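Comments concern the structure below.
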Amino acid sequence: MKIGVLGSVLLCLCFISCGGEWIAGDSPKVSCNLSEVPFRSAQKISLSSDGETLYILDRYNDVYAYTRNDARTCAFELSRTSENPDGEIPVNMAQDIAKVGSWLYYYDGISVLRYDDEDWMCDVSLNAMALTASYIYYAPSAGLAQLKMNSTGCVKTGISYSATRVMALDVMSDWIVAVETSGALTDSPERVSIYDADGGVRTRAALAASDTNNSLHFCSATRVRFGATFFALLDAECGYLGVFNLSGGLQYRMDLMEIGVRNAVDIDIIQDDLYILTSSTVNPLIYLDLASYAFGEE
């Protein structure tokens, strides 16, 4: 993906975590340029797999579509069409969104729906979801389950996972990462697990739910996303971003406030490109190139 430098803030920061120090020398944090900001108080973000299309869901359940402007760095133009002249995608009561292939999926509280396909509906109640082109992985009140998509909706597969209560999840091919707790969904997360699509456990690692001085402590699990060779956990409550290897080991925990990112509400990742959505209408989207970060051992 083509990323240059616009409005960057050069960072020279070092963080010590159980995985070593994070060295962000000469690495830019870019405030992305959105041609228009018609939404109010952004809540969710989803990008296409090539990073060319961006969708933002606000707290009033409205979804807005953007396309990348390659003439400028990290810039997106509001997509106005004859069907959607104001750039707003007409969805009803969307609570979460996911761009998968050519389709925009959204969850309205009782079903997963597919925009611009009135004949497709998957009735399911969930706390979190992650989609591929063929499957929906979702967290009901407890556990983790899989649904297979068909031409009109979805069917249960019967595959079971040894998850407790899933707070956030993501999928990459046949790898599913889940952030879990044994308590309430508002508690601090207790573990991260990676599962096979067929239900097997690849890895499981504990977090420090009760030890606030530990770098493995996160106040919340707002969103988890796979990158190229890692996954990242956003803790919007306390403003942390944790980056883990695919064995569940914490590489570093970043305090977003220390790099000037405030009020983060969601993230998405394309390979090594991290996009942070904030509730600000001035700088609603921040970009960080995680590939530029080096790691040193303690």
Side-chain angles (χ1 to χ4, degrees), residues 38-39 42-50 52-67 79-161 163 165-179 185 195 197-199 222-226 265-266 268 277:
F39 52 83
Q43 295 291 301
K44 306 287 185 181
I45 182 177
S46 184
L47 285 99
S48 59
S49 60
D50 60 5
E52 294 298 312
T53 308
L54 164 71
Y55 295 90
I56 293 176
L57 168 67
D58 72 9
R59 66 177 298 181
Y60 299 99
N61 311 108
D62 298 323
V63 179
Y64 294 88
Y66 292 81
T67 54
S79 297
R80 296 181 182 273
T81 65
S82 56
E83 295 83 7
N84 307 314
D86 58 359
E88 182 180 343
I89 302 295
V91 298
N92 293 319
M93 302 306 294
Q95 297 181 12
D96 202 356
I97 52 176
K99 175 66 173 176
V100 181
S102 60
W103 296 105
L104 175 67
Y105 294 87
Y106 64 98
Y107 177 64
D108 68 355
I110 56 175
S111 303
V112 177
L113 302 166
R114 196 154 68 181
Y115 170 63
D116 213 19
D117 186 354
E118 295 180 353
D119 297 326
W120 197 94
M121 181 174 63
C122 178
D123 287 326
V124 61
S125 177
L126 55 85
N127 296 315
M129 67 178 188
L131 286 72
T132 68
S134 302
Y135 293 96
I136 299 172
Y137 298 91
Y138 72 99
S141 57
L144 175 64
Q146 181 195 73
L147 298 165
K148 183 173 177 58
M149 296 188 209
N150 56 33
S151 59
T152 59
C154 61
V155 293
K156 292 184 178 180
T157 63
I159 294 177
S160 61
Y161 301 86
R165 301 197 74 189
V166 175
M167 310 170 80
L169 74 155
D170 195 21
V171 60
M172 178 178 65
S173 185
D174 61 348
W175 292 47
I176 302 100
V177 60
V179 187
L185 293 176
Y195 299 94
D198 61 5
T222 306
R223 180 76 80 177
V224 64
R225 296 284 200 189
F226 274 113
V265 295
D266 201 6
D268 204 353
L277 185 69

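Computed from a prediction, not measured in an experiment: that's the story for all the values here.
Side chain of S48 to backbone of T53: a donor-acceptor contact under 3.5 angstrom is found. A donor-acceptor pair under 3.5 Å is absent between the side-chain atoms of S173 and the main chain of W175, judged by distance alone. A donor-acceptor pair under 3.5 Å is formed between the side chain of N127 and the backbone N or O of P140. Counting only distance, with no hydrogens or angles, the side chain of W120 and the backbone of N150 share a donor-acceptor pair below 3.5 Å. D170 places no side-chain N or O within 3.5 Å of a backbone atom of V177 that could act as its donor or acceptor partner. Between the side chain of K99 and the main chain of S102, a donor-acceptor pair closer than 3.5 Å is present.
Among all heavy-atom pairs drawn from V224 and V179, the shortest one is CB-CG2, 4.0 Å. The two atoms that bring I136 and C122 nearest to each other are CD1-SG, 3.9 Å, heavy atoms only. Looking at every heavy atom in both residues, V124 comes nearest to Y107 through O-CE1, 3.3 Å.
With salt bridges taken as basic N to acidic carboxylate O contacts below 4.0 Å, none links R80 and D86.
Taking CZ from R114 and CE from M149, the interatomic distance works out to 7.5 Å, rounded to the nearest 0.5 Å. Separating the CG atom in L131 from the OH atom in Y105 is a distance of 6.5 Å, to the nearest 0.5 Å.
Using a 4.5 Å heavy-atom cutoff, the side chains of S46 and D268 are in contact.
Applying the salt bridge (Lys or Arg N to Asp or Glu O under 4.0 Å) test to D96 and every residue at least two apart in sequence or in another chain returns R223.
Counting only N and O atoms by type, the side chains of Q146 and Y137 include a donor and acceptor under 3.5 Å apart. There is a side-chain donor-acceptor pair under 3.5 Å between S111 and D123.
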